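To keep things clear, I will list the structure first and then write my remarks on it.
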Amino acid sequence: MELIITEKNNAARRIADILSDGGASTERDAGVNVYEWGGKRCVGLSGHVVGVDFPAEYSDWRDVEPAELVHADVTKTATKEDIVNVLQRLAERADDVVIATDYDREGELIGKEAYELVREVNEDAPIKRVRFSSITENEVKTAFADPDDLDFDLAAAGEARQTIDLVWGAALTRFLSLSARQTGGDFISVGRVQTPTLKLIVDKEREIEAFEPDDYWELFADLAKDDAEFEAQYFYLDDEGNEAERVWNEADAEAAFDVLRDAADAVVESVRRRTRTDDPPAPFNTTQYIRAASSLGYAAGRAMSIAEDLYTAGYITYPRTDNTVYPDDLDPAELLDTLSANPHFGDDAETLLDADDLTPTEGDEETTDHPPIHPTADMPDRGDLSEDEWEVYELVVRRFFATLADPAEWAHLRVVADCEGLQLKANGRRLLDEGYHAVYPYFGTDENHVPAVEEGDVLDVSDARIEAKQTQPPRRYGQSRLIETMEDMGIGTKATRHNTIEKLYDRGYIEDDPPKPTRLAMAVVEAAEEYADMLVSEEMTAELEADMAAIASGEKTYDEVTQESRDLLDRIFDSLGESREEVGTHLQESLKADKTLGPCPDCGETLLIRKSRQGSFFVGCDGYPDCEFTLPLPDTGEPVVLDSECDDHGLHEVKMLAGRNTFVHGCPLCRAEEADDADEPVLGPCPECGHEHDGELRIKTLRNGNRLVGCSRYPDCEYSLPLPRHGDIEITDESCDEHGLPKLVVHDEGDDPWELGCPICNFAEYQERQQNRGLEALDGVGAKTAEKLEAAGVSSVGDLADVEPEALADEVDGVSADRVREWQAKAD
DNA sequence: GCAAGGTC
């Protein structure tokens with residue numbers, strides 16, 4: 001039996017399909033697909049199925065000096081045991097083995113990991129390696145006809161990266177965490193990729209903090225030829241002879257303004273007409289896709305997760321790619337022809353097909369592992385996708401269209417006029433031929449109309465304006481620009497850059513969007529700059545890349561490279577040793593600064609944002625347990641301390657981060673006082689804590705306008721029931737037999753009053769109705785998908801809540817576990 | 001409880 005091993009299940013399925021001419025059958029073993037045909041078996045891994053780590057005796061942070069990790073052994077253990085077991089069971093019976101992992105460095109390493117797992121159970125079978133740059137019939141068959149050997153040097157290069165990343169990351173992370181006495185779950189993490197990324201954000205913040213604005217003035221005049229009026233701007237030539245619009249001196253600006261205001265006409269000095277070609281964009285690689293999705297409002301992580309879902313469902317190609325050149329085997333006309341059947345963008349596909357030339361644009365990077373992101377021939381129906389998924393899918397389709405479309409043509413018109421010795425200019429822009437913009441409406445095509453004037457024309461000056469302005473601090477990096485910068489610097493990979501940014505959020509280093517660094521982040525970068533400069537610069541990656549190239553070409557060995565790196569880290573620990581206290585204190589102070597609101601009104605100590613045992617946030621006093629002062633915080637989102645302070649209490653205001661529902665809560669003390677004043681109507685004792693703590697149920701209106709029945713002891717008791725958002729709520733004299741609460745009636749404008757009844761009964765009925773809804777009630781479940789789910793025994797929203805996402809995803813084609821989880825969240 | 005890199 002021949003065993004073929006690929007990097008992922010998807011590749012296994014397609015390769016089996018090609019090599020068996022469609023005749024392969026699928027067998028599931030412990031959740032792993034094995035494809036079989038004529039004496040062959042093909043199985044997909046899930047990327048790395050083994051991971052590097054230190055031996056168990058190093059796992060207790062308190063018992064091991066971080067510096068000891070520098071020279072600790074690094075071992076490999078199985079991380080995907082089911083896959084390893086299936087692989088080894090198959091390998092035992094294999095007469096020969098072919099490794100068909102991705103054609104790149106990490107793929108070679110994953111291949112070597114498979115090689116070693118096979119050798120553990122089978123010493124003799126020959127193990128070959130095939131390489132192909134895209135999974136097409138021609139390439140795959142050619143590669144399998146003439147297999148090669150594994151490149152152990154290339155794999156060793158990858159192993160050196162693994163070891164160096166682990167040793168540096170783990171040793172320094174432990175050192176910083178222990179020095180700041182972070183004994184709980186929150187550790188202070190650093191690494192070769194995340195720390196230089198964080199430094200980018202921190203450096204920008206330093207520029208912003210150091211920025212001092214300058215005043216300047218700009219002047220404008222309205223010019224007219226006949227009835228056509230247009231705006232022109234004053235400019236002059238600066239000391240270096242460059243055109244400048246900003247006037248840095250108020251007296252000069254006012255003097256120029258006086259001239260323009262009093263002037264009656266201006267004479268056209270020069271007119272320049274030009275035609276500009278505006279080329280269509282290159283095909284999508286991961287970074288450019290994230291950038292485009294970000295202009296539609298999707299954060300990087302969200303954009304990637306939607307793309308992964310669309311890929312798993314088969315609608316677009318693999319979303320993790322650096323490639324910006326379509327491979328030869330992609331036939332644009334054929335794909336356009338398929339897409340032309342779509343009711344939403346079929347017409348655009350037809351128009352493109354009518355053109356005589358269908359040469360796609362190309363980017364700079366041509367890699368061999370995956371094509372640029374483009375739609376596949378398998379088209380979803382509108383109802384099969386959620387709104388977000390459809391928006392992203394259409395983006396990918398339209399980008400594909402754009403790469404095949406004609407350039408746009410712009411007419412530029414530049415007019416310079418003299419007004420009493422002052423120069424005025426106007427730049428007009430008109431779209432002559434919309435070209436690719438017709439099929440790709442995501443770029444702006446604003447025009448600026450300047451009438452056709454000729455040299456020597458005398459124009460009326462109808463109005464003059466002076467605008468006082470200030471220079472602005474640099475802008476923070478947005479997530480997509482951060483990812484582009486990381487790509488330029490060569491840090492991270494297409495598959496990990498967005499994860500790195502998520503990690504910075506999770507670790508409490510950045511907040512908000514665009515991300516702003518916390519005090520902790522500033523302190524971590526400062527510590528790294530002072531003691532481990534290598535770690536915060538992109539140089540570490542650059543040197544590692546050079547070393548990896550040397551290992552791959554046989555000039556250096558794994559041992560030499562990792563030893564050099566360990567020696568360097570040793571020296572860093574030597575200098576860190578004496579400064580442990582100092583570094584720790586600074587980190588601790590910064591941690592606290594991120595959570596500090598201001599003085600406690602009861603005892604004068606400091607109020608801090610804390611987290612309750614139930615996981616909800618509240619404001620507590622640093623003097624606890626001597627001072628028990630607390631204030632509630634909203635239960636939606638994560639609190640962030642803003643720079644702005646409340647005038648009444650001197651406390652920092654709080655913002656609640658909750659994605660699209662993010663809002664500014666303000667001063668928690670003001671909010672608490674308002675709530676006390678609000679005179680919330682009382683319904684009765686809280687069923688959860690009424691007899692024990694005298695909590696009572698009240699009707700509350702939240703800051704975001706939502707209303708609910710909640711316990712007066714919130715946040716200590718979190719019992720709550722929903723109420724409708726609109727209408728006046730009347731509390732009747734009639735009460736519920738079962739729960740003893742008064743029945744409620746809602747009076748909404750225009751509508752007849754309706755009886756909501758007992759809020760507990762009402763909520764129970766509501767939940768039951770929700771459970772019994774059909775699946776198509778959920779956003780993102782179309783008729784096609786609902787049918788597939790029903791076949792798997794899931795026919796109502798309630799059924800969906802009970803399923804295991806992975807199990808359902810395995811059972812139903814084209815449905816990912818993430819997508820199931822998304823539905824479950826919506827069903828809640 | 002450490003990193004970064006695959007993949008889901």
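Chain identifiers are assigned alphabetically (A, B, ...) following the order of the sequence lines, protein sequences preceding nucleic acid strands; residue numbering begins at 1 within each chain. Just so we're clear, the structure is a prediction, and the values are computed from it rather than from any experiment. Just the heavy atoms: all of them, side chains too, but no hydrogens, waters or symmetry mates, feed the values below.
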- prompt: W168(A) on top of dA3(B)'s base, within under 5.5 Å and under 30°?
  reply: no
- request: Using a heavy-atom cut-off of under 4.0 Å over every strand shown, decide if Q182(A) touches base, sugar-phosphate, or nothing.
  value: base
- prompt: Looking at Y115(A), is R119(A) sitting on its ring face, NZ or CZ under 6.0 Å from the six-membered ring centre and within 45 degrees of the normal?
  reply: yes
- request: Check every strand shown and say whether D53(A) touches a base, only sugar-phosphate, or nothing at a heavy-atom separation below 4.0 Å.
  value: base
- prompt: Under 4.0 angstrom, heavy atoms only, what part of the nucleic acid is S46(A) near: base, sugar-phosphate, or nothing?
  reply: base
statement: Comparing E106(A) with F187(A), nearest DNA chain B nucleotide closer to 5' gives the residue F187(A)
Most 5' of R174(A) and K80(A) on DNA chain B, judged by nearest nucleotide: R174(A)
message: Counting the atoms with a prime plus P, OP1 and OP2 as sugar-phosphate, which does R507(A) contact under 4.0 Å by heavy atoms, base, sugar-phosphate, or nothing?
response: sugar-phosphate
task: Classify the nucleic acid contact of V190(A) as base, sugar-phosphate or nothing, counting any heavy atom under 4.0 Å across all strands shown.
output: sugar-phosphate
message: If you compare every side-chain N and O of Q162(A) against the phosphate oxygens of dA3(B) (OP1, OP2), does one of them come in below 4.0 Å?
response: no
field: Salt bridge R497(A)-E484(A), side-chain N to carboxylate O under 4.0 Å
entry: no
message: A quick test of your reading: do over 12 heavy atoms of other residues, nucleotides or ligands sit less than 6.0 Å from CZ of R291(A)?
response: no
field: Atom CD of E57(A): over 12 foreign heavy atoms under 6.0 Å
entry: yes
message: It should be established whether R161(A) places a side-chain nitrogen or oxygen under 4.0 Å from OP1 or OP2 of nucleotide dG5(B).
response: no
- request: Give me the ring orientation class for F175(A) and F573(A): parallel if the planes are under 30° apart, tilted from 30 to 60°, perpendicular past 60°.
  value: perpendicular
message: Using a 4.0 Å heavy-atom cut-off, does G492(A) contact any base of the nucleic acid, only the sugar-phosphate backbone, or nothing at all?
response: sugar-phosphate
task: Have a look at E7(A) and say if it touches a base, only the backbone sugar-phosphate, or nothing, with a 4.0 Å heavy-atom cut-off.
output: sugar-phosphate
task: Return yes if the base of dC8(B) and the side-chain atoms of N9(A) contain a donor-acceptor N/O pair under 3.5 Å, otherwise no.
output: no
field: Phosphate contact (dG5(B) OP1 or OP2) by R192(A) side-chain N/O below 4.0 Å
entry: yes
- prompt: Under 4.0 Å: is that the gap between some side-chain N or O of T496(A) and OP1 or OP2 of dG5(B)?
  reply: yes
